Amino acid sequence: MRDKMAYTTADMMTCAMSRLLQDGEVAFHGVSSHMPMVSMMLAKALHAPSMVHLNIPGGVNPSTLRNTSYSSAGTELVRHSESTFSLLDVFDLSIRGKLDVAFLGGVQFDQHGHVNASIIGTPDNLKVRLPGGAGSAVLIPTAKKAIVWRTKHDVRTFVEHVDFITTKGNLWKIVTPLCVFDYFKGRLVLDSIHPGTTVEEVKAQTGFKIHETEVPVNAAPTQQELNTLRKIDPNNLRAIEFK
Amino acid sequence: MRDKMAYTTADMMTCAMSRLLQDGEVAFHGVSSHMPMVSMMLAKALHAPSMVHLNIPGGVNPSTLRNTSYSSAGTELVRHSESTFSLLDVFDLSIRGKLDVAFLGGVQFDQHGHVNASIIGTPDNLKVRLPGGAGSAVLIPTAKKAIVWRTKHDVRTFVEHVDFITTKGNLWKIVTPLCVFDYFKGRLVLDSIHPGTTVEEVKAQTGFKIHETEVPVNAAPTQQELNTLRKIDPNNLRAIEFK
Amino acid sequence: MSKRMELEEAIKQFIRPGSRLCFSGNALHRAPMAAVREIARQEISKLKIVKTAGALDIDLLCAMGLVDTVDAGFVSYESVYGLCMHYRKGVEEKRITGNEHACYTVLCALRGAIMNVPFMPVHGLLYSDLLVENDYFKVVDDPFGGQEPVTLVKTLKPDVAIIHVHQADEQGNAIINGAKYDDEIIWRAADHVIITAEKIIPSLKGTYGKKTIDIPGFMTDAVIEVPGGAKPCSYEGLYEVDHRMLKKFLSGREKKDHQIWLDNYDQTDRKGLRQQAGGFRR
Amino acid sequence: MSKRMELEEAIKQFIRPGSRLCFSGNALHRAPMAAVREIARQEISKLKIVKTAGALDIDLLCAMGLVDTVDAGFVSYESVYGLCMHYRKGVEEKRITGNEHACYTVLCALRGAIMNVPFMPVHGLLYSDLLVENDYFKVVDDPFGGQEPVTLVKTLKPDVAIIHVHQADEQGNAIINGAKYDDEIIWRAADHVIITAEKIIPSLKGTYGKKTIDIPGFMTDAVIEVPGGAKPCSYEGLYEVDHRMLKKFLSGREKKDHQIWLDNYDQTDRKGLRQQAGGFRR
């Protein structure tokens with residue numbers, strides 16, 4: 001159904017993340033984080049011009065992604081930046097409680113807001129060695145608001161209990177192809193769904209119980225958002241995880 | 001007697017320190033350290049061209065002191081340097097056991113090689129609050145060789161017991177207007193005397209017992225050393241502590 | 001959003017009685033003297049000062065009776081001008097707590113603030129009465145089973161770092177020409193950062209690669225244009241130590257003398273007065 | 001005294017079985033691939049690798065069976081190419097110890113090496129099975145009496161850091177254009193530093209102020225000229241990721257395949273072979 005619309009799931013998720021960012025905030029994304037990277041550029045272009053965009057190569061407020069062919073950690077982010085702030089600086093900043101938003105990934109999530117990016121199985125009976133949580137284990141507890149995104153929404157991703165707690169903490173939102181979860185009073189609750197899906201579909205694709213029955217539907221990407229997306233991300237980096 | 005010679009006490013001390021430096025060594029001096037600064041430049045000009053000269057403003061191998069009017073911590077040391085290496089980098093380097101030579105000051109020294117740069121009196125009955133040991137408390141224990149210099153040589157400077165142990169450790173030599181002490185098997189021993197003094201004079205001016213009776217006399221500054229000194233230090237910064 | 005302010009305003013807004021402060025530069029080089037003088041004019045007291053090697057900045061505030069504690073490795077003018085007599089007297093008379101550090105342990109205590117941890121391990125400092133006399137050092141066993149004891153220094157968290165720079169823009173991006181000294185540590189460690197600059201331009205945007213921004217704008221709270229803001233200390237390429245004004249301060253005996261000395265700088269430190277005087281070209 | 005060497009020689013001299021290594025760059029950017037390949041050619045085994053975010057560098061050495069331990073926050077190609085399968089398989093089959101860190105704790109463990117202390121306190125890491133499962137983290141009481149427990153990470157001391165740079169001189173001074181990533185940490189933390197450079201010039205002396213030397217010469221042990229030394233990873237302004245060669249590696253199944261892949265680079269990595277081939281302009 002979604003593919004009949006004039007926008008892609010990547011567009012929707014990118015807009016949903018972009019709308020979570022406020023003007024003046026200091027926000028960070030890491031490696032393999034194309035959607036968050038584009039969502040930050042989108043927010044700065046539309047409603048959050050003074051947001052501060054930090055990243056792994058250390059460029060503060062990169063002015064363009066137009067020459068970025070592949071990576072969300074490439075030195076293009078430094079080449080046209082306003083100044084530099086290293087990855088270690090970013091971590092220290094968050095550790096000091098001064099990072100407003102961190103975008104982080106993960107592979108498994110449970111109803112208690114636990115994030116697993118480490119292993120499937122148990123340490124003694126390892127099934128899959130995952131890439132690792134990168135910054136999550138210190139950023140999710142210390143950033144004021146941690147936004148997690150995941151391009152898969154199924155019962156293996158959203159589970160009753162994660163296999164391994166890589167981290168938990170100041171998780172704020174989880175953005176998926178179907179919905180946005182909110183982390184509220186120690187539990188994941190359904191915050192809103194994207195157009196084209198239903199609460200029932202989300203429930204069916206989620207491995208833990210969802211109590212909410214009626215939630216708002218997010219506005220589809222506006223024409224202005226879509227136009228801006230195409231301008232700032234002509235290579236469609238935001239869709240790279242869906243390829 | 002010394003002032004009748006064609007060189008000053010500052011020249012002698014500077015040459016004595018310069019001769020302690022070997023080619024290829026990595027050496028550091030701090031603030032208020034004009035003689036060590038000039039001695040490093042002298043060593044590099046004469047016998048230790050590959051010595052690495054580190055300092056507080058962070059200039060690696062400053063090429064000239066000719067525009068330095070006042071300080072041994074001025075940014076002139078950076079302006080014509082080969083690269084930069086901050087004060088914190090210097091400390092960390094020493095802490096890792098990779099700094100060959102550190103030049104340090106002090107106000108009181110005893111036969112056990114204790115250095116006091118902190119207070120005269122006791123903490124509870126403070127007579128004089130001294131400037132403080134600056135880098136000494138970590139550099140004297142960690143640099144491979146710590147060279148201390150002091151422009152006063154009297155019984156209040158070289159004492160039986162220091163009032164306060166700011167530090168001890170890898171003290172190697174103490175250079176004074178009269179002599180050079182060596183720190184050997186946990187004791188200060190007389191290493192050599194400068195021309196124009198005697199072991200008796202040194203004994204009379206020293207508050208702890210000196211056991212050595214015959215020691216070598218250091219060579220007076222050579223004509224080459226003096227010519228080079230005048231060239232690299234035209235403002236006579238090396239004499240600033242005697243003014 | 002411009003972070004440009006007047007000096008009076010910035011000092012009033014960010015510095016309170018009891019604030020812990022870090023100053024840029026080292027000894028008589030690039031101390032943020034205009035800001036230090038403004039603190040003195042506003043008589044903000046009970047200050048805690050943290051610096052590896054301080055001189056006139058610390059001594060002036062001590063002379064004005066505004067200092068509670070100094071954590072430093074070295075407090076002295078360089079050789080020619082000798083000890084900081086106001087600091088020394090204050091410590092000797094127990095009006096001021098002089099916490100002696102190695103310069104390195106000052107920096108490590110600030111590293112503790114950068115990393116938001118209560119202490120920092122320090123190698124090398126094992127033989128010193130400083131360990132015995134001071135509660136900001138502790139020697140502990142290595143929890144990872146190493147045989148050597150480990151010295152810890154207690155974290156020092158500055159409320160405000162004041163840094164005098166060559167050039168800044170209205171967003172707070174700052175460029176220090178010449179030696180950085182410990183500035184890279186203090187702006188990261190402090191809760192707030194005040195920049196005084198020889199010159200402020202509207203924006204440094206677009207100069208990346210051509211100029212090196214030393215302090216990113218989003219980390220600073222206020223920028224103030226104060227030409228000559230380090231005087232009578234020196235600033236690389238711009239001015240040398242002003243020995244005449246330094247001697248004038250050192251010859252002062254009473255608070256009254258220091259106040260007169262401060263007055264000499266009123267028009268260069270404060271924009272309001274500069275504009276009244278009409279003589280200052282912007 | 002020139003520090004210029006051939007790649008074969010430098011790798012042989014400084015890297016031994018069991019060495020702990022750090023590599024420059026991040027993910028597929030500016031990894032010192034020529035040096036990594038030379039380690040693979042020399043089959044130096046039981047290596048311990050420390051990196052915040054590694055990809056091809058780690059995966060290649062894992063594929064060649066040369067890795068004992070990896071301490072990292074993230075080991076993966078970026079989205080398109082997915083997981084590092086050789087690393088993953090090695091860990092799953094318990095041939096490789098995969099010590100998972102937060103990227104930050106990797107950097108803090110290296111800070112411990114820079115400061116020559118056995119551990120580094122880390123704030124923020126309090127809720128994680130990583131603390132439970134791994135002996136390189138410990139949670140202790142604050143010896144200064146603070147109420148919050150303090151997490152410590154055990155120091156990781158690299159034997160060698162290998163850094164690929166844009167330009168170096170014969171004395172070992174090195175200039176990195178573009179993003180520095182964690183290189184500022186690794187060259188300080190390691191016992192020895194090997195620089196591979198796109199270009200070596202006799203001396204960078206006299207360029208201070210015009211160029212920024214990122215690594216001072218006295219801190220480096222060897223400099224080697226290897227144009228294209230990061231390929232198939234990218235290097236700012238010079239070359240993008242070589243997707244064709246990357247895919248070729250990823251399609252390899254056995255050690256024999258990887259050896260053939262390595263052979264493709266023999267002439268560009270090794271000067272001896274370049275000169276024999278006669279085709280390489282110096």
Side-chain angles (χ1 to χ4, degrees), chain A residues 30-34 55-59 69-79 84 86-88 90-92 94-97 114 116-119 121 123 126-143 151 162-169 240-243, chain D residues 25-30 52-53 55 72-80 82-84 87-94 96 98 100-105 107-108 110-111 122-134 151 177-182 184-185 234-237 240-241 243:
Chain A
V31 71
S32 270
S33 305
H34 302 79
N55 46 62
I56 284 183
S69 63
Y70 168 71
S71 178
S72 75
T75 58
E76 303 88 1
L77 296 176
V78 173
R79 199 186 302 157
T84 54
S86 77
L87 178 61
L88 185 54
V90 174
F91 283 130
D92 285 337
S94 184
I95 286 290
R96 293 199 299 279
H114 295 143
N116 178 16
S118 302
I119 55 171
L126 198 56
K127 288 197 192 114
V128 184
R129 167 69 255 185
L130 298 170
S136 332
V138 295
L139 292 179
I140 288 185
T142 58
T151 52
V162 295
D163 288 14
F164 187 94
I165 302 173
T166 307
T167 184
K168 70 166 194 175
I240 214 165
E241 285 186 86
F242 291 96
K243 280 171 187 164
Chain D
N26 185 283
L28 287 175
H29 307 289
R30 202 163 49 74
T52 55
F74 186 76
V75 184
S76 182
Y77 300 94
E78 274 190 89
S79 322
V80 186
L83 301 179
C84 289
Y87 163 75
R88 175 184 160 180
K89 236 178 100 194
V91 174
E92 287 167 15
E93 293 171 1
K94 298 190 191 299
I96 298 171
E100 183 176 343
H101 278 260
C103 291
Y104 184 59
T105 62
L107 295 173
C108 287
L110 294 173
R111 273 174 160 162
V122 180
H123 180 80
L125 186 65
L126 277 171
Y127 318 102
S128 175
D129 285 345
L130 293 171
L131 297 178
V132 182
E133 296 295 335
N134 299 308
T151 303
N177 284 345
K180 313 286 183 264
Y181 297 107
D182 311 320
E184 297 167 326
I185 302 297
S234 76
Y235 196 172
E236 163 68 13
E240 284 293 323
V241 170
H243 294 278

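Per chain, numbering begins at 1; letters A, B, ... match sequence-line order. Computed from a prediction, not measured in an experiment: that's the story for all the values here.
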Who among [options] has the most heavy-atom pairs with chain A under 4.5 Å?
options                : value
D:C103, D:G124, D:C108 : D:C103
D:V122, D:L125, D:T52  : D:L125
D:V241, D:N177, D:L130 : D:L130
D:E93, D:R111, D:E184  : D:R111

### Task
Could you grab the distance from atom OG of D:S76 to atom CZ of D:R88, nearest 0.5 Å is fine?
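One finds 10.5 Å between OG of D:S76 and CZ of D:R88.
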### Task
Any chance you could measure A:I119, atom CD1, to A:K127, atom NZ, to the nearest 0.5 Å?
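A:I119 CD1 to A:K127 NZ: 10.0 Å, rounded to 0.5 Å.
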Residue among [options] with most heavy-atom pairs under 4.5 Å to chain D:
options                       : answer
A:P57, A:P123, A:G30, A:A134  : A:A134
A:S86, A:G59, A:G58, A:G133   : A:G133
A:L126, A:L139, A:I95, A:T142 : A:I95

With a 4.5 angstrom heavy-atom cut-off, could you sort out which part of [X] is near chain A: side chain, backbone, both or neither?
X      : value
D:K94  : side chain
D:E92  : both
D:L83  : side chain
D:I185 : side chain
D:V91  : both
D:Y87  : side chain
D:L131 : neither

### Smallest separation among heavy atoms of A:L130 and A:A117, with atom names
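A:L130 and A:A117 have their closest heavy atoms at CB-O, 3.4 Å.
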### Task
Of all the heavy-atom pairs spanning D:Y77 and A:S32, show the shortest one and how long it is.
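Looking at all heavy atoms of both residues, the shortest contact is O-OG, 4.0 Å.
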### Residues which pass ring pair (Phe, Tyr, Trp, His ring centres under 6.0 Å) with D:H123, listed by chain and number, not counting sequence neighbours
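Here no residue qualifies.
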### Query
Do A:S94 side-chain atoms and A:A143 backbone N/O form a donor-acceptor pair below 3.5 Å?
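The answer is yes, because a donor-acceptor pair under 3.5 Å joins these two groups.
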### Query
Under 4.0 Å between a Lys/Arg side-chain N and an Asp/Glu carboxylate O for D:R30 and D:E236?
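D:E236 and D:R30: not salt-bridged.
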Counting only heavy atoms closer than 4.5 Å, note whether [X] contacts chain D via side chain, backbone, both or neither.
X      : answer
A:S72  : both
A:S136 : neither
A:D92  : both
A:V90  : neither

Does any non-hydrogen side-chain atom of [Y] lie less than 4.5 Å from one of [X]?
X      : Y      : answer
A:R129 : A:S118 : yes
D:E100 : D:E133 : no
D:L126 : D:T151 : yes

### Task
Fit a plane to each ring of D:Y104 and A:F91, take the angle between them on a 0 to 90° scale, and name the class: parallel (under 30°), tilted (30 to 60°) or perpendicular (over 60°).
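Answer is tilted, since the angle falls between 30° and 60°.
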